Amino acid sequence: MDILEGLNEEQKEAVLYFGSPLLVLAGAGSGKTKVITHKIMFLVKEVGIPLHRILAITFTNKAASEMKGRVRKTLGIDEYPPWISTFHSISAKILRMEAEHIGYAPDFIIYDEEDSKKTIRDVIKELDLNTDIYKPEKIKQIISSIKQSLDDTALEFYSFTMPHLPKIYEKYEEHLAFSNAMDFDDLLLNVVKLFKENQEILKQWQNRFDYILVDEYQDTNKVQHEILKLIVGDRNCITVVGDPQQCIYTWRGANPENILEFEQDFPNTKIIKLERNYRSTEKILLVANKVISRTKGRWKEKVLKLWTDRKGGEDIYLLKLDTDKQESLFIGKKIQQLIRDEGYSYSDFAVLIRMSYLSRNIEEVFVNLRIPYQIIGGVKFFERAEVKDILAYLRFALQPKDTQAFKRIINLPSRGIGEKTIQKIQSHYESDWIQAINDAYETFSSKIKMRLQEFLEIIDTVRKYGNKAPSEMAKYIFDTVNYEDYLVSKYPNDWEDRIANVQELFNALKEIEKSGKTFLEFLEESSLSQAQDNLQNDNSVKIMTVHASKGLEFPVVFIAGLEDGVFPSGRSFEDIEQMEEERRLFYVAVTRAKEKLFMTFSKLRAGYGNQLNETKPSRFIQDIKDHVKTFTAGKKTAKVPEKSASAYNSSSKTQTFNRTISDFKVGELVKHDVFGKGVIKGIEGNKAIVIFEGVGEKKILKDFLKR
DNA sequence: TTTGACATCATTTTT
DNA sequence: TGATGTCAAA
């Protein structure tokens, strides 16, 4: 395959540019991943850089593995490129190799969000502080933002209201250290520390890579930026690709301005803009451009303006519904209708939402309508309590320093070991929890001794075989602790689903035995797994948060819940910066659509419990209302332009759905609103197989055929 | 000391 | 809805 095949002028320029740092400002759907893949080809084939000396950083694991596959295929090689990965995975890889230099054992454990929060809660309790002032959630956020920004002024700032904050921070770090654990932020931060404190090691890592590429650069934070700066050094070997308008992770330390300041850190930066969009219709892009042109950001003049030569396109609809149930129902029915009428399949659709809990209604309706769907995001597989429980046993056996794993399982299922016993054990802690139990052992009553003995025996067995046969050990744990009974009594409503999840965990563990991966590698992968990683290419409608939709595209997109307080989120009301991010988020949502775009909002929406609350339409609607067809479902209201409402009604296929029709015969000539003329090839129940002129064969509900 | 029943609370987005 | 905190009984 030719390196420049199928690329436009700007893309070619970006691929071939070499000699100084390159910043590619690439709008949504402008082919930025393509540019990166082709650039890797160029570097290997033309510049002569060995593939394993190229470091390519993507935003998701899924993007990484897709890129790996593509590079492998286009270069016609067998092995997978080793250094295409996410920031977090690469950092973990580096830290495993260099752990000793920063005072960690190489088998450190990665604490997920829940583990970290629990650790902070423990610390706050230990220090006997008031949890109304010292809220674990908030404190986790503060610590996280400090670690992400390499700047501890926030510590001072919040110390006015929380004088013990520095103490909590310090204790939290201590806890992590003695658990031989790192939180997500540490994975990045420790790489910076490692490189800054060990010039020799930094040099070695610089020497490992001849070129560095970064995708989705707009969502990198300060630490990630720092890692890049360190690895690149004073060489000219970096290309970053991104779009400030798609920066949606400022709450994780990213900043749309970072990308614009790239030039300052990397002198002689060449900038190439990709504004030609290959994804969406002109009408969709018009709305997208409208949304983002209202931005108040300082970098307003640098906004990319997307254009396409896919002129026209289908109208974009904005629907107002009475209740959230109706909203879901509309979406479901519309999907079915488009499948029937226009030959779409389930996998062509995505429903985008601002918050994961909005998926519940939609899910319910889809179940009723028998629409196959997949929810991406929400509670992830490895975050499910039952999965974490079993994994915690394995984790603890592997790493008996792991405090959160220990606390999770020591009394699960209940074996009569409560808070006091744990405290006593903790007071004997020196090297790890097993040692602590043994040292505290003699102080306990015979009953507790027995229980601890049982626990230690389980752990001992798992320790012996855990690495070789993790799936066997998972089953062993499941049986020995009567985990099934525990699930049944704790979750009388959905224990079956939960057992199925455990079953799935067994399978996943079996897989690693086959693939030759270690259990530690598996653990690492699972803790760094992302929402998109589970995305399957099956024939189902995808329901996901806008965040999870980053980088994806779909022929038909629904954006649900366009209400003030939902989208934009109520949390963003007082903060201009946050509101700007909501706007960018909306922009990302709109630009996922290739052909059709529907936006919906509901007058009433259920909050927690099941209480219906009145809503206000999203303020973003104001910006786009001239470019979309608005209508109200059900009753017409005065506010809706007469024309639009009637336009919908006349074009609404659902209205014509119940026509009674006499039977068609094979060979009969028919007409269809969308596909035009055709001839019936066969009949299957209420559907007909029709060959349409210039369209081909389609299965169509007879109701939609005319003679 | 531990457990389980009950009340109360809050919900963005995620590596 | 579900997760967490509080309190009295075992």
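Chain A is the first sequence line, chain B the second, and so forth, proteins listed ahead of strands; every chain is numbered from 1. Predicted model only: the values in this text are computed from it and were never measured.
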Classify A:S572 by what it touches in the nucleic acid, base, sugar-phosphate, or nothing, heavy-atom distance under 4.0 Å. nothing

Nucleotides 5-10 of chain B: which of its N/O atoms have a protein N/O under 3.5 Å away?
none

Closest to the A:R252 side chain: B:dT2, C:dG5, B:dT15? B:dT15

Kindly list each side-chain donor-acceptor pair under 3.5 angstrom involving residues 447-456 of chain A, sequence neighbours excluded, with atom names and distances?
residue	atom	partner	partner atom	Å
A:K449	NZ	A:E442	OE1	3.3
A:R451	NH1	A:R415	O	2.9
A:Q453	OE1	A:Y441	OH	3.0

A:K140 atom NZ is separated from B:dT15 atom P, nearest whole Å, by 13 Å

Quick one: is B:dT15 close enough that its OP1 or OP2 comes under 4.0 Å of any side-chain N or O from A:N61? no

Considering only atom P, compute the distance from B:dT13 to C:dT4 and round it to an integer number of Å. 16 Å

Once you round it to whole Å, what is the distance between C1' of B:dT14 and CG of A:L585? 13 Å

Side chain to side chain contact (heavy atoms under 4.5 Å, CB included) filter on A:E364, not counting sequence neighbours, yields A:K325

Grab the NZ-C1' distance between A:K380 and B:dT13 for me, whole Å please. 11 Å

A:S356 vs B:dT13: side-chain N/O to OP1/OP2 distance below 4.0 Å: yes

With heavy atoms under 4.0 Å as the rule, sort A:Q578 into base, sugar-phosphate or nothing. base

Nearest listed nucleotide, side chain of A:F184, among B:dT14, C:dG5, B:dT15: B:dT15

Nearest whole Å is fine: how far is C:dT4 P from A:E137 CD? 11 Å

Residues two or more places apart in sequence or in another chain: which of them pass side chain to side chain contact (heavy atoms under 4.5 Å, CB included) with A:D152? A:I146, A:L155

For A:L187, report the nucleic acid contact type (base, sugar-phosphate, nothing); a contact means any heavy atom under 4.0 Å. nothing

B:dT13 OP1/OP2 closer than 4.0 Å to side-chain N/O of A:S569: no

Check the geometry between A:F87 and B:dT15 and answer yes if their rings are stacked (centres below 5.5 Å, planes below 30°), otherwise no. no

Test log, rule side chain to side chain contact (heavy atoms under 4.5 Å, CB included), inputs A:F366 and A:I331: CA-CA 9 Å; A:F366 281 13; A:I331 294 171; 4.1 Å; yes

Whether A:S414 contacts B:dT2 is assessed here as follows: a side-chain N or O lying under 4.0 Å from the phosphate OP1 or OP2. Is that the case? no

Tell me which pairs pass salt bridge (charged side-chain N to carboxylate O under 4.0 Å, His left out) where either residue lies in residues 184-193 of chain A, with sequence neighbours left out. A:K147-A:D186

Quick check on DNA chain B: between A:T86 and A:N411, whose nearest nucleotide comes earlier from the 5' end? A:N411

Can you tell me the distance, in whole Å, between the CH2 atom of A:W251 and the P atom of B:dT14? 6 Å

Between C1' of B:dT1 and CZ of A:R415, the distance in whole Å: 17 Å

Of all residues at least two apart in sequence or in a different chain, which pass the ring-ring contact (aromatic ring centres under 6.0 Å, His included) check with A:F87? none

Here the pair of heavy atoms bringing A:K140 nearest to A:S116 is CE-CB, 3.4 Å

Is a donor from one side chain sitting under 3.5 angstrom from an acceptor on the other, for A:Q148 and A:N221? no

Base, sugar-phosphate, or nothing for A:T421, non-hydrogen atoms under 4.0 angstrom? sugar-phosphate

Integer-rounded Å distance: C:dT4 C1' and A:D132 CG: 13 Å

Tell me: OH of A:Y357 to C1' of B:dT13, nearest whole Å? 14 Å

So A:E581, base contact, sugar-phosphate only, or nothing? Heavy-atom distance under 4.0 Å. nothing

